[in-house]
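Since this is a predicted model, take the numbers as computed values, not measurements. The figures here come from the full heavy-atom set of this structure, side chains too, leaving out hydrogens, waters and symmetry mates.
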Amino acid sequence: HVRRADECLNKLPRDWEGMAESVHRGLSLDPNAAALLERLVLLANPAGSRSDTSDNQQARDKALSHVNDLLAKGANPALLHMLLAAEYHRNRRQEMARLHFELANRADPKMAVVANNLAWYLVNTTPRDPERALSLVNAALASGMANPSFLETRGQIRAVLGDDAAAIIDLEQAGKALGMTRAIHQTLAKCYGR
């Protein structure tokens, strides 16, 4: 079902009806299939940014209704909220992304990726809460999931909090693993300068 949905998505012009049918059939067999839920959110287009779905608004509306039904039933809420948050983030709708990361974290506080992303939002959007952000990213790192982006998040948070020595350690380790990005360089420069 995932392969068929992707074929419909990659076809030009896009076959939204075919994609919707494949996703709905697959979810009827396994309502917790992460790959199918991801395609359902893509099809639902909650951020409303892709104009090429307007040619088939019915498929989009049906998918959005399905997402809302799954959330109402409590079916895999952490994953669904995380997927919705990612979709809003891609479309630069930060308030909605932060809301859905909050809801995903409430649904599953042990989900390290959600904790890290929520921590990033807590330090980069208003209202800022760097202390809570640090607590969340520390929990993500303590989960055992070795992800260098978690170190970068923690380094950025520590820099905001003024803990420059600890920020430098985290950011240098993240830079070695991820490559020295502009954000890492800029924060390191500020920390070294202070």
[X] with [Y]: basic N within carboxylate O range, under 4.0 Å:
{"X": "Lys11", "Y": "Glu7", "answer": "no"}
{"X": "Glu21", "Y": "Arg25", "answer": "yes"}
{"X": "Arg98", "Y": "Glu95", "answer": "no"}
{"X": "Lys190", "Y": "Asp164", "answer": "no"}

* Residue pair Leu43, Lys62: steps toward the side chain to side chain contact (heavy atoms under 4.5 Å, CB included) verdict -> CA-CA 9 Å; Leu43 180 64; Lys62 184 178 176 184; over 6 Å; no
Applying the 4.5 Å side-chain criterion to the ILVMFWY set and letting contacts propagate, would [X] and [Y] be lumped into a single cluster?
{"X": "Val160", "Y": "Ile169", "result": "no"}
{"X": "Val41", "Y": "Val113", "result": "yes"}
{"X": "Trp120", "Y": "Met145", "result": "yes"}
{"X": "Leu79", "Y": "Leu64", "result": "no"}
{"X": "Leu36", "Y": "Leu9", "result": "yes"}

Would you mind reporting whether [Y] and [X] have side-chain heavy atoms less than 4.5 Å apart?
{"X": "Tyr88", "Y": "Pro46", "result": "yes"}
{"X": "Leu40", "Y": "Val67", "result": "yes"}
{"X": "Arg154", "Y": "Leu134", "result": "yes"}
{"X": "Leu12", "Y": "Arg14", "result": "yes"}
{"X": "Asn105", "Y": "Met111", "result": "no"}
{"X": "His100", "Y": "Leu103", "result": "yes"}
{"X": "Gln57", "Y": "Arg60", "result": "yes"}

For residues [X] and [Y], report the shortest heavy-atom separation together with the two atoms involved.
{"X": "Leu71", "Y": "Pro77", "result": "CD2-CA, 4.3 Å"}
{"X": "Met82", "Y": "Ala104", "result": "N-CB, 3.8 Å"}
{"X": "Ala159", "Y": "Ala167", "result": "N-CB, 3.6 Å"}
{"X": "Ala86", "Y": "Phe101", "result": "N-CZ, 4.4 Å"}
{"X": "Ala140", "Y": "Ala115", "result": "CB-CB, 4.2 Å"}
{"X": "Asn32", "Y": "Ala75", "result": "OD1-C, 4.5 Å"}

* **Trace of the side chain to side chain contact (heavy atoms under 4.5 Å, CB included) decision for Val114 with Asp108** => CA-CA 9 Å; Val114 170; Asp108 187 355; over 6 Å; no
Pairwise distance [atom1]([X]) to [atom2]([Y]) - rounded to 0.5 angstrom:
{"X": "Leu37", "Y": "Arg39", "atom1": "CG", "atom2": "CZ", "answer": "10.5 Å"}
{"X": "Gln156", "Y": "Asn124", "atom1": "CD", "atom2": "CG", "answer": "7.5 Å"}
{"X": "Tyr121", "Y": "Leu118", "atom1": "OH", "atom2": "CG", "answer": "10.5 Å"}
{"X": "Leu161", "Y": "Ile157", "atom1": "CG", "atom2": "CD1", "answer": "7.5 Å"}
{"X": "Leu84", "Y": "Asn68", "atom1": "CG", "atom2": "CG", "answer": "8.5 Å"}
{"X": "Arg90", "Y": "Leu42", "atom1": "CZ", "atom2": "CG", "answer": "7.5 Å"}

* Asked: Among pairs that include at least one residue of residues 129-141, which meet salt bridge (charged side-chain N to carboxylate O under 4.0 Å, His left out), considering only residues two or more places apart or in two chains?
  -> Glu102-Arg132
Tell me if a side-chain donor or acceptor on [X] pairs with a main-chain N or O of [Y] at a distance below 3.5 Å.
{"X": "Thr125", "Y": "Leu122", "answer": "no"}
{"X": "Thr153", "Y": "Ser149", "answer": "yes"}
{"X": "Arg158", "Y": "Leu171", "answer": "no"}

* To do: Decide side chain to side chain contact (heavy atoms under 4.5 Å, CB included) for His66 and His24; before the verdict, give the C-alpha distance in whole Å, the side-chain angles of both, and the deciding distance to 0.1 Å.
  => CA-CA 9 Å; His66 195 164; His24 292 295; 2.7 Å; yes
* **Other residues, nucleotides, ligands: >12 heavy atoms within 6.0 Å of Arg194 CZ** =>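 Atom CZ in Arg194 is packed in, count exceeds 12.
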* Take Leu188 and Met180, measure what side chain to side chain contact (heavy atoms under 4.5 Å, CB included) needs, and give me the verdict at the end. => CA-CA 10 Å; Leu188 279 171; Met180 284 294 187; 3.9 Å; yes
